[in-house]
Amino acid sequence: MSVYRLDYLDQLESEAIHIMREVAGQFERPALLFSGGKDSITLVHLALKAFRPGKFPFPLVHIDTGHNFPEALDFRDALAERIGEKLIVRQVADTIQKRQLTEPKGKFASRNALQTYTLLDTIEEFGFDACIGGARRDEEKARAKERIFSVRDEFGQWNPKLQRPELWNTYNGRIHKGENVRVFPISNWTELDIWNYIKRENIDLPSIYFAHERTVLQYENQLIALSEFIQVEETDVVVTKKVRYRTVGDMTCTAAVESEASDINDIIREITATKTSERGETRIDDKVSEAAMEDRKKNGYF
């Protein structure tokens with residue numbers, strides 16, 4: 001009798017598809033958060049495998065800060081149109097005006113934390129009871145301790161000391177009125193897993209992930225893309241370098257890395273050699289404090 005064995009990418013893929021189908025089965029109004037970044041693009045690819053030839057049992061949702069990289073936004077719109085799935089976009093700028101929030105100030109005035117208000121308003125607007133996202137445990141220590149089905153209270157808050165056990169791939173999506181669940185199908189994947197999967201599946205990505213020349217600001221060993229959202233002073237060092245992005249968030253809080261990696265094989269070699277996580281190396285918003293990510297999650301951040 002022959003023995004059928006899955007390699008590790010097959011196992012990760014199978015687990016993620018199982019989780020997505022659990023979401024479709026357990027929740028009435030789920031959504032998939034889609035930003036045009038590599039992790040959410042991978043989620044869309046997995047959803048195609050999970051639900052085609054049928055339509056997705058959820059819309060794609062993007063909370064747009066207004067500070068995103070145009071390459072990611074263009075890819076977001078093109079992919080949603082190509083696969084014929086509904087894309088809902090809500091703007092942080094509208095939330096700032098509606099709620100009369102204070103616009104961040106400073107050299108890198110990031111709206112990253114304000115996304116929480118827009119996300120919670122969007123969940124309430126559409127009555128979403130589950131939101132699927134591309135967070136992974138290897139990215140950051142707060143994400144490392146969060147469950148795959150992460151229950152949030154009626155205020156969208158996460159309690160790291162009150163989480164449900166997930167034994168034998170059994171996920172409990174039962175919630176009370178007003179609560180919702182954040183779901184992370186690729187929680188057990190690493191950055192290297194993502195890139196190996198992208199290579200195997202021949203998944204298209206925005207050009208920003210590959211080496212290209214860009215004018216950047218050198219600031220505290222970080223390379224920040226010049227944009228209208230950043231205050232450049234006379235003493236700042238502005239140079240043109242060949243860079244790529246390991247992760248794509250706002251232009252105000254995401255740094256590039258110097259790189260000659262022009263294709264996926266080069267990127268995989270770079271990641272294999274690095275000892276720093278993608279967020280640890282390039283995300284300014286995570287450096288505010290030791291518990292920056294956990295504090296944002298407790299307040300409703302994804």
Side-chain angles (χ1 to χ4, degrees), residues 4-63 72 75-89 119 122-123 126-139 143 146-152 164 166-175 180-206 302:
Y4 178 65
R5 291 188 176 89
L6 300 177
D7 72 12
Y8 82 100
L9 287 178
D10 290 329
Q11 291 174 5
L12 290 172
E13 178 189 74
S14 178
E15 178 187 53
I17 289 173
H18 167 66
I19 292 166
M20 285 194 169
R21 289 173 176 167
E22 281 292 304
V23 171
Q26 293 194 42
F27 298 97
E28 295 182 5
R29 290 176 297 278
L32 191 155
L33 297 190
F34 176 61
S35 65
K38 70 180 188 308
D39 297 314
S40 61
I41 291 170
T42 298
L43 285 180
V44 169
H45 183 82
L46 290 164
L48 289 169
K49 288 199 169 191
F51 302 111
R52 284 294 188 256
K55 299 283 286 184
F56 289 178
F58 40 67
L60 307 179
V61 176
H62 184 214
I63 306 302
F75 193 96
R76 175 201 70 185
D77 296 340
L79 179 57
E81 182 178 0
R82 177 169 62 82
I83 65 176
E85 294 294 344
K86 182 178 181 181
L87 173 65
I88 297 170
V89 179
L119 175 60
T122 305
I123 289 173
F126 293 95
F128 293 137
D129 50 2
C131 292
I132 303 168
R136 308 188 323 269
R137 288 187 173 124
D138 75 320
E139 292 180 278
R143 287 182 167 173
E146 192 164 18
R147 298 289 192 266
I148 290 174
F149 271 35
S150 179
V151 179
R152 305 297 178 97
R164 295 171 178 176
E166 294 179 339
L167 305 176
W168 306 291
N169 291 332
T170 300
Y171 306 104
N172 181 1
R174 184 175 181 180
I175 54 175
N180 64 84
V181 175
R182 311 292 170 84
V183 181
F184 308 109
I186 59 173
S187 187
N188 291 329
W189 298 42
T190 66
E191 182 185 12
L192 186 58
D193 295 334
I194 292 290
W195 280 103
N196 279 323
Y197 187 73
I198 287 169
K199 177 184 176 181
R200 189 185 81 170
E201 300 291 309
N202 196 26
I203 300 173
D204 290 332
L205 293 177
F302 202 82

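Here the structure is a predicted model, which means the values were calculated and not measured. Positions are given from 1, in the same order as the sequence printed here.
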Under 6.0 Å between the ring centres of F51 and F58? yes
Quick one: does any side-chain atom of D129 pair with a main-chain N or O of F27 as donor and acceptor, under 3.5 Å? no
Do V61 and C131 touch side chain to side chain, with heavy atoms closer than 4.5 Å? no
Between the main-chain N or O of D10 and the side-chain N or O of S14, is there a donor-acceptor pair closer than 3.5 Å? no
Does the side chain of L60 come within less than 4.5 Å of S40's, by heavy atoms? no
Shortest non-hydrogen contact from A24 toward P57: CB-CG, 3.7 Å
Taking all atoms of both residues into account, what is the closest heavy-atom pair of G173 and V181, and its distance? O-CG2, 4.4 Å
For K49, does the NZ atom have more than 12 heavy-atom neighbours from other residues, nucleotides or ligands under 6.0 Å away? yes
Does any non-hydrogen side-chain atom of F75 lie less than 4.5 Å from one of D204? yes
Flag, side chain of S150 to backbone of R147, donor-acceptor distance under 3.5 Å: no
If you count the non-hydrogen atoms of other residues, nucleotides and ligands that lie under 6.0 Å from CZ in R174, is the total more than 12? no
Validation row: Y197, L12 side chains within 4.5 angstrom (heavy atoms): no
Give the C-alpha distance, both sets of side-chain angles, the deciding distance and a yes or no for side chain to side chain contact (heavy atoms under 4.5 Å, CB included) between I83 and R52. CA-CA 10 Å; I83 65 176; R52 284 294 188 256; 3.9 Å; yes
Straight-line distance of L33 CG to I63 CD1, nearest 0.5 Å: 7.0 Å
Check the pair E85, F34 against side chain to side chain contact (heavy atoms under 4.5 Å, CB included), reporting the backbone distance first and the verdict last. CA-CA 12 Å; E85 294 294 344; F34 176 61; over 6 Å; no
Mark yes or no for whether E201, through its side chain, and H45, through its backbone, hold a donor-acceptor pair below 3.5 Å. no
Is a donor from one side chain sitting under 3.5 angstrom from an acceptor on the other, for T190 and D193? yes
L32 side chain reached by P59 side chain, heavy atoms, under 4.5 Å: no
Over all heavy atoms of both residues, which pair between Q26 and Y171 is shortest? Give the atoms and the distance, please. NE2-O, 2.9 Å
What I'd like to find out is whether the side chain of R152 reaches to under 4.5 Å of the side chain of I123, using heavy atoms alone. no
First locate atom CG of N196, then atom CG of L9, and finally report the distance between them rounded to the nearest 0.5 Å. 6.0 Å
Please report the C-alpha distance between I148 and E22 in whole Å, then the side-chain angles of each, then the deciding distance to 0.1 Å, and finally whether the side chain to side chain contact (heavy atoms under 4.5 Å, CB included) criterion is met. CA-CA 11 Å; I148 290 174; E22 281 292 304; over 6 Å; no
For the residue pair N188 and E15, what are the closest heavy atoms and their distance? ND2-OE2, 3.0 Å
Can you give me the closest heavy-atom contact between A80 and L87, atom names plus distance? CB-CB, 4.0 Å
Testing the basics here: between V23 and P30, what is the closest heavy-atom pair and its distance to 0.1 Å? CG1-CB, 3.6 Å
Are L119 and F128 packed together at the side-chain level, in the sense that at least one heavy-atom pair is separated by less than 4.5 angstrom? no
Test D7 against R200 for salt bridge (charged side-chain N to carboxylate O under 4.0 Å, His left out), laying out the working first. CA-CA 12 Å; D7 72 12; R200 189 185 81 170; 3.8 Å; yes
Taking the side chain as everything from C-beta on, heavy atoms only, tell me whether R164 gets closer than 4.5 Å to F149. no
Let me confirm one number: the CG-CD1 distance from L43 to I186, rounded to the nearest 0.5 Å. 4.5 Å
Side chain to side chain contact (heavy atoms under 4.5 Å, CB included) between D138 and W189: does it pass, once the steps are laid out? CA-CA 8 Å; D138 75 320; W189 298 42; over 6 Å; no
